[in-house]
Amino acid sequence: MASFVETEWGGRLIRGWDEGWFDLPLTLGDDLGRVALGAAPGQTVVGDATTVLLYKLLRALVDAAVARDPRRTEVVVDTDNFPTDRYVVEGVAAERGLTVRWLEVPTDGGVEVAALEPLLGPRTGVVVLSHVAYRSGHLADLAGVTAAAHAAGAFVLADLCHSAGAVEVGLDAADVDVAVGCTYKYLGGGPGAPAFAYVAARLQDELRQPITGWMGHADPFAMGPGHEPAPGMRRFLSGTPPVLAMQPLRDAVALLDEAGVPAVRAKAAGLTSYVVDLADTHLAPLGVRLASPRDPAARGGHVTLTHPAMREVVARLWREDVLPDYRDPHGLRVGLSPLSTSYAEAHAGVLAVRSALLAAGAG
């Protein structure tokens with residue numbers, strides 16, 4: 001960040017647009033796609049907030065689904081998806097006169113293909129799925145969900161906020177249609193960091209995103225009348241890219257590339273398993289329950305532990321500079337970023353939870 005401020009921003013000024021800033025959403029998107037998403041070049045772009053990208057791509061998908069077949073007026077989403085995803089689905093459905101079909105899932109589990117399939121049919125237009133459940137850490141079968149949706153003639157929008165940078169994603173291999181994710185959690189982008197969008201190459205000419213800003217124009221600096229979408233992923237841009245906010249992500253992607261996602265995934269599985277073992281030993285006797293999958297292959301990079309006193313416990317821990325977060329119902333979520341979290345920190349954190357529980361009168 002300091003180097004960027006002093007040299008590129010402070011030294012090059014507007015020349016920076018011709019020296020890399022203009023294409024940064026695409027070049028950084030390609031790097032992110034290669035390193036963390038299993039996406040070939042030309043399918044990933046960085047920019048906007050997660051909510052904005054969810055809206056843009058969901059609107060594009062539902063419109064494309066109806067254009068292909070006017071019967072496809074249903075959007076399927078699970079009841080425990082992240083609130084933004086659910087709210088955007090409801091908003092787009094109201095805007096376009098669609099029906100939301102809700103898949104009931106347990107708060108300590110997630111979307112399973114067998115439970116999803118009965119909701120799919122000739123009216124299904126889009127399935128919205130979080131690859132890793134924000135509350136439980138449940139890791140969905142992305143390829144299985146996509147195959148089931150495609151067999152029913154529907155599109156898939158995958159939310160990768162809790163998986164990108166912690167697990168191997170494989171968007172191309174899973175044949176996912178579009179995906180969105182934040183860069184805040186496992187990708188080191190920082191608070192308010194820009195999100196990313198993936199659109200499979202086979203769909204880029206078909207989809208029409210609804211926020212037609214100047215940066216998505218075929219010739220942005222022509223400043224002419226009418227909007228002509230740019231070819232490829234540039235058409236999914238809208239406004240001026242957040243170049244300053246992309247700098248931490250550039251470094252984080254380079255670090256992730258150096259470590260390798262397979263190694264990061266192995267560390268994530270090891271850390272979460274260690275926390276589960278420690279919780280079984282030190283916290284279960286105090287009434288704490290695991291609200292995440294016990295099998296490390298079935299969860300992402302975080303673990304949720306539940307107890308009626310957890311809201312008070314989390315508040316107490318924050319005052320002591322121990323920083324889990326709280327998720328209803330009664331959940332303490334342990335976020336374990338593999339690149340930066342050590343086993344020693346995980347051990348100290350669980351023991352701090354035990355002390356806080358005892359102070360709160362548990363056990």
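Computed from a prediction, not measured in an experiment: that's the story for all the values here. Numbering starts at 1 and runs along the sequence shown.
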Do other residues, nucleotides or ligands put more than 12 heavy atoms under 6.0 Å from the CH2 atom of Trp318?
no
Nearest heavy-atom pair of Leu271 and Tyr343: which atoms, and what distance?
N-OH, 3.6 Å
Under a 4.0 Å N-O cut-off, is there an ion pair linking Glu320 with Arg316?
no
Sidechain-backbone polar pair: Gln43 side chain, Ala201 backbone, donor-acceptor under 3.5 Å
yes
Check step by step if side chain to side chain contact (heavy atoms under 4.5 Å, CB included) holds for Ser273 and Arg299.
CA-CA 10 Å; Ser273 296; Arg299 64 174 180 256; 2.9 Å; yes
With a 4.5 Å limit on heavy-atom distance, are the side chains of Lys56 and Pro210 in contact?
yes
Donor-acceptor contact below 3.5 Å, side chain Asp48 vs main chain Leu237
no
Rounded at 0.5 Å granularity, tell me how far OG1 in Thr341 sits from NZ in Lys267.
6.5 Å
Can you measure from CG (Leu142) to OG (Ser130) and round to the nearest 0.5 angstrom?
11.0 Å
Validation row: Leu203, Glu206 side chains within 4.5 angstrom (heavy atoms)
yes
Looking only at the side chains, is there a donor atom on one of His131 and Ser163 sitting less than 3.5 Å from an acceptor on the other?
yes
Taking Val199's backbone N and O only, do any of them form a donor-acceptor pair with Gln204's side chain (distance below 3.5 Å, no angle check)?
yes
Hphob cluster co-occupancy, Leu323 + Val334, side-chain heavy atoms under 4.5 angstrom:
yes
Can you tell me if His162 uses its side chain to pair, donor with acceptor, with the backbone of Leu139 under 3.5 Å?
no
Carboxylate-amine/guanidinium proximity below 4.0 Å for Asp31 and Arg250
no
Under the side chain to side chain contact (heavy atoms under 4.5 Å, CB included) rule, what do Asp280 and Arg294 come out as? Steps first, then yes or no, please.
CA-CA 11 Å; Asp280 286 344; Arg294 188 165 287 274; 2.8 Å; yes
Exceeds 12 heavy-atom contacts within 6.0 angstrom, atom CZ of Arg234
yes
Restricting to non-hydrogen atoms, name the atom on Thr107 and the atom on Ser136 that form the minimum distance, rounded to 0.1 Å.
O-CB, 3.5 Å
Is Met246 reachable from Met1 through a run of I, L, V, M, F, W or Y residues, each pair having side-chain heavy atoms under 4.5 Å apart?
yes
Tell me whether Glu312 contacts the main-chain N or O of Ala309 through its side chain, where contact means a donor paired with an acceptor under 3.5 Å.
no
Euclidean distance, Leu53 CG relative to Gln209 CD, rounded to 0.5 Å:
9.0 Å
Would you check if the side chain of Asp257 reaches a backbone N or O of Val35 as a donor-acceptor pair within less than 3.5 Å?
no
Please name the pair of heavy atoms, one in Leu57 and one in Ala197, separated by the smallest distance, quoted to 0.1 Å.
CD1-CB, 3.8 Å
What's the verdict on side chain to side chain contact (heavy atoms under 4.5 Å, CB included) for Val314 and Asp325, showing C-alpha distance, side-chain angles and the deciding distance?
CA-CA 7 Å; Val314 170; Asp325 51 8; 5.7 Å; no
Considering only heavy atoms from C-beta outward, does the side chain of Leu278 approach that of Val276 to under 4.5 Å?
no
Quick check against the 3.5 Å criterion: does Arg333 have a side-chain atom that pairs as donor or acceptor with the backbone of Tyr326?
no
Please check if the distance between the ring centroids of His307 and His330 is under 6.0 Å.
no
Inspect the contact between Asp80 and Arg86 and indicate whether a charged nitrogen and a carboxylate oxygen are less than 4.0 angstrom apart.
no
Exercise: do Arg327 and Thr304 side chains pair donor with acceptor under 3.5 Å
no
Do side-chain atoms of Glu258 reach the backbone of Ala254 as a donor and acceptor pair under 3.5 angstrom?
no
Do the side chains of Asp159 and Val128 get nearer than 4.5 Å, heavy atoms only?
no
Hey, is the main chain of Glu168 close enough, under 3.5 Å, to the side chain of Arg265 for a donor-acceptor pair?
no
When rounded to the nearest 0.5 angstrom, what distance separates NE2 in His138 from CG in Asp78?
10.0 Å
Are Leu317 and Val353 side-chain neighbours, meaning at least one heavy-atom pair lies under 4.5 Å?
yes
Residue pair Arg71 / Pro122: nearest heavy atoms and the distance that separates them:
NH1-CB, 3.9 Å
Which of parallel (below 30°), tilted (30 to 60°) and perpendicular (above 60°) describes His347 and Tyr274?
parallel
To the nearest 0.5 angstrom, please state how far the CD1 atom of Ile211 sits from the OH atom of Tyr55.
6.5 Å
Classify the ring geometry of Trp21 against Phe4: parallel below 30°, tilted from 30° to 60°, perpendicular beyond 60°.
tilted
Around atom CH2 of Trp17, are there more than 12 heavy atoms of other residues, nucleotides or ligands at under 6.0 Å?
yes
Main-chain N/O of Leu249 paired to Thr183 side chain as donor or acceptor, under 3.5 Å:
no
For Leu13, I'd like to know if atom CG has over 12 heavy atoms of other residues, nucleotides or ligands within 6.0 Å.
yes
N-O pairing of Arg59 and Asp63 below 4.0 Å:
yes
Criterion side chain to side chain contact (heavy atoms under 4.5 Å, CB included) on Phe196 and Leu160, from CA distance to verdict
CA-CA 9 Å; Phe196 62 86; Leu160 309 179; 4.0 Å; yes
Within one Ile-Leu-Val-Met-Phe-Trp-Tyr cluster: Leu305 and Leu351, side-chain cutoff 4.5 Å
no
Measuring from Tyr198:OH to Leu157:CG, what's the distance to the nearest 0.5 Å?
12.0 Å
Heavy-atom side-chain proximity of Arg235 to Leu207 below 4.5 angstrom
no
Side-chain contact test, heavy atoms from C-beta onward, threshold under 4.5 Å: evaluate it for Met310 versus Thr306 and give yes or no.
no
Taking every heavy atom of Ala154 against every heavy atom of Arg72, the minimum-distance pair comes out as N-NH1, 4.3 Å
In terms of hydrophobic clustering (I, L, V, M, F, W, Y; side-chain heavy atoms under 4.5 Å; direct or indirect links), are Val75 and Val178 co-clustered?
yes
Considering all heavy atoms of both residues, which atom of Ala149 and which atom of Phe155 are nearest to each other, and what is their separation?
CB-O, 4.3 Å
For the residue pair Tyr134 and Phe82, does the interplanar ring angle fall in the parallel (under 30°), tilted (30 to 60°) or perpendicular (over 60°) class?
perpendicular
Considering only heavy atoms from C-beta outward, does the side chain of Thr124 approach that of Leu119 to under 4.5 Å?
no
Check the hydrophobic clustering (I, L, V, M, F, W, Y; side-chain heavy atoms under 4.5 Å; chains of links allowed) and say if Leu244 and Val45 are grouped together.
yes
